[in-house]
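In what follows, a structure is listed as structure tokens, so that the remarks can point back to it.
Sequential numbering from 1 along the given sequence is applied to the chain's residues. Predicted model, so just to flag it, every value in this text is computed and none were measured.
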Amino acid sequence: MESPLGNFAHIDVEAFLRDSRKRVAGFEAAQKEVAAAVGRATAANGHIVVECTAQGGVTRLEIDPRAKRMSVKEMSAAILAALRDADADLQRQVSAIMGDSFGGMDPAMADPDTAAAKVAEAQQAFDGMMRDAMGELDRLRKKLGH
């Protein structure tokens, strides 16, 4: 005879909740790691230094006075190269964080805004699923007179 609880009779709710909490903690930890990541690059023999973050874009541009020996065109090219390299460094770090945390990353997730939106979407979906599951369990509990 089938249980009046259907498939819910075989659910280990505690294990489900533990797993869910673990996943949420993993999302939060990855989010903090991404927020702390800093992409770095140098150009012109180390005379130009660039740093960038997912939240602030370029956060540091340092030009050593010795770089003034370069022409404006050379300096501009060196700065742009350092900016691209710093951004690429940041993207590598974000990819590694996502890979370590979630077993890989959708290329679209390299964009911090897209990643944050996906995390928020996953959190909303999880919250909705939990509300539905808890509502169903409560309905079944009442039906069984508990």
With a 4.5 Å cut-off on side-chain heavy atoms, are L61 and I48 touching?
yes

Give a yes or no on whether V58 and I63 share a hydrophobic cluster (residues Ile, Leu, Val, Met, Phe, Trp, Tyr; joining criterion: side-chain heavy atoms under 4.5 Å apart).
yes

Test of understanding: clusters of I, L, V, M, F, W, Y form through side-chain heavy atoms closer than 4.5 Å, transitively. Do L83 and V49 belong to the same one?
no

Smallest separation among heavy atoms of [X] and [Y], with atom names:
X	Y	value
A54	L90	N-CD2, 3.6 Å
A67	H47	CB-CB, 4.0 Å
A44	M70	CB-SD, 3.7 Å
Q93	V38	NE2-O, 2.8 Å

Identify, with sequence neighbours excluded, every residue that meets salt bridge (Lys or Arg N to Asp or Glu O under 4.0 Å) alongside [X].
X	answer
D87	none
R60	E51, E62
D85	none

Within this structure, what is the CZ-OG1 distance for the pair R40 and T53, rounded to the nearest 0.5 Å?
10.5 Å

Identify each donor-acceptor pair in which a side-chain atom of residues 72-82 lies under 3.5 Å from a protein atom, sequence neighbours left out, and give them as a table.
residue	atom	partner	partner atom	Å
E74	OE1	S71	N	2.9
E74	OE1	S71	OG	3.4
S76	OG	V72	O	3.0

side-chain hydrogen bond (donor to acceptor under 3.5 Å, both in side chains) pairs touching residues 24-36, sequence neighbours excluded, are none

In chain order, what residues pass the side-chain hydrogen bond (donor to acceptor under 3.5 Å, both in side chains) check against R66, with sequence neighbours excluded?
D64

